[in-house]
S.K.: 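For reference, the structure I am asking about is given below.
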Amino acid sequence: MDKKEEYYYSKAEGDLCDEAVALHHHRYQEVGFIKQKMEDPYIENSTYFIVQTVDLNKVVGVTRLIFMPLKDLPTMKHFNIFEILNCKIKLDD
């Protein structure tokens, strides 16, 4: 019978936040979104969340919420959004 993995989800704080930021940065480098020495301008406005194995020994996933006005988010700055979709997004604060 297959072993079922169980995970623990939490807000990343303290050392775990540092680990989450590093993992997030590493993944962005892997996919070519940022270069190795680039700083992420959204860290200060972000809250990170992690996924750990139940035994809490290993962080296996990370995501973040960026708390900024929509018009300042990386999606709006770094990607082309079709005008028809852009019109559906309210950019007012």
S.K.: Is it the case that one hydrophobic cluster holds both L16 and V51, taking links as side-chain heavy atoms less than 4.5 Å apart, direct or via other members?
M.R.: no

S.K.: So does M38 get a backbone contact from the side chain of H25, meaning a donor-acceptor N/O pair under 3.5 Å?
M.R.: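 Yes: the side chain of H25 pairs with the backbone of M38.
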
S.K.: What's the spacing between Y7 OH and T53 OG1 if we round to 0.5 Å?
M.R.: 8.0 Å

S.K.: Quick one: CG on N45 to CG on L65, what's the gap to the nearest 0.5 Å?
M.R.: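 Here the interatomic distance stands at 12.0 Å.
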
S.K.: Under the side chain to side chain contact (heavy atoms under 4.5 Å, CB included) rule, what do R27 and H24 come out as? Steps first, then yes or no, please.
M.R.: CA-CA 5 Å; R27 180 62 181 147; H24 192 260; 6.0 Å; no

S.K.: Picking from D55, V54, I50, what satisfies side-chain contact (heavy atoms from CB on, under 4.5 Å) with Q52?
M.R.: I50

S.K.: Distance check, rounded to the nearest 0.5 Å: H26 atom NE2 versus I34 atom CD1?
M.R.: 11.0 Å

S.K.: What is the distance from atom CD1 of I66 to atom CD1 of I43, rounded to the nearest 0.5 Å?
M.R.: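 Reported to 0.5 Å precision, the distance equals 10.0 Å.
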
S.K.: Side chains of V62 and Y48, heavy atoms from C-beta outward: is any pair under 4.5 Å?
M.R.: yes

S.K.: I would like to know whether K11 and T47 meet side chain to side chain contact (heavy atoms under 4.5 Å, CB included); could you show each step before the answer?
M.R.: CA-CA 8 Å; K11 180 179 172 184; T47 297; 3.7 Å; yes

S.K.: Take atom CZ in F49; do more than 12 heavy atoms of anything else shown fall under 6.0 Å from it?
M.R.: yes

S.K.: Between Y42 and S46, which heavy-atom pair has the shortest distance, and what is it?
M.R.: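 That closest heavy-atom pairing would be O-OG, 2.5 Å.
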
S.K.: Please say whether more than 12 non-hydrogen atoms of neighbouring residues, nucleotides or ligands are located less than 6.0 Å from CD in E30.
M.R.: yes

